[in-house]
Amino acid sequence: MNCPKRFFHSGGHTNQLVPLWAIGRGSEMFRATEIVDGKDVKAAEVYKTLTDWDGSYVDNTDIFTVMKSQLN
């Protein structure tokens, strides 16, 4: 699949970060330093006018872990 100005690492997926906003029980876990993998300062600049996101990102498997921990 070809897309202007995009490079696909595997037939149909990009390595581009996808924004995720969470509210409610367990949402604070996404700010925990032990699951934050890094910060994308350039992406944070793009979203600066829309939100106070600091560019922190987590791995998609950590999203599952947080969600699973809240399903009691």
Side-chain angles (χ1 to χ4, degrees):
M1 174 182 216
N2 291 324
C3 186
K5 297 183 183 179
R6 298 285 185 249
F7 178 80
F8 292 87
H9 293 280
S10 66
H13 298 279
T14 71
N15 66 345
Q16 184 173 2
L17 297 175
V18 176
L20 169 74
W21 284 267
I23 59 173
R25 187 178 80 183
S27 61
E28 73 283 351
M29 296 174 72
F30 288 110
R31 289 185 217 92
T33 56
E34 58 269 6
I35 71 164
V36 171
D37 291 329
K39 288 190 180 206
D40 186 337
V41 179
K42 289 184 180 185
E45 271 300 307
V46 171
Y47 288 98
K48 186 176 172 181
T49 59
L50 303 172
T51 181
D52 62 351
W53 177 54
D54 68 355
S56 296
Y57 61 88
V58 299
D59 187 78
N60 62 340
T61 56
D62 291 323
I63 296 169
F64 171 77
T65 302
V66 168
M67 291 172 53
K68 184 179 177 189
S69 75
Q70 298 304 305
L71 297 172
N72 291 337

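Note that the coordinates shown come from a computational prediction; the quantities given were computed from them, not determined experimentally. Index from 1, following the sequence.
- More than 12 heavy-atom neighbours from other residues, nucleotides or ligands sit within 6.0 angstrom of CG on Leu71.
- Taking Leu20 as the reference, Phe30, Ile63 meet the side chain to side chain contact (heavy atoms under 4.5 Å, CB included) condition, with sequence neighbours excluded.
- Nearest heavy atom pair, residue Val58 against residue Asp37, reads C-OD2, 3.6 Å.
- For Lys48, there are no side chain to side chain donor-acceptor pair (under 3.5 Å) partners at least two apart in sequence or on another chain.
- Here salt bridge (Lys or Arg N to Asp or Glu O under 4.0 Å) pairs that include residues 49-71, with residues two or more places apart or in two chains, are Lys39-Asp54.
- Among residue pairs with one or both ends in residues 21-36, those qualifying as side chain to side chain donor-acceptor pair (under 3.5 Å) are Arg25-Gln70; sequence neighbours excluded.
- Sorted by first and then second residue, the pairs that involve residues 36-72 and meet ring pair (Phe, Tyr, Trp, His ring centres under 6.0 Å), not counting sequence neighbours, are Tyr47-Trp53.
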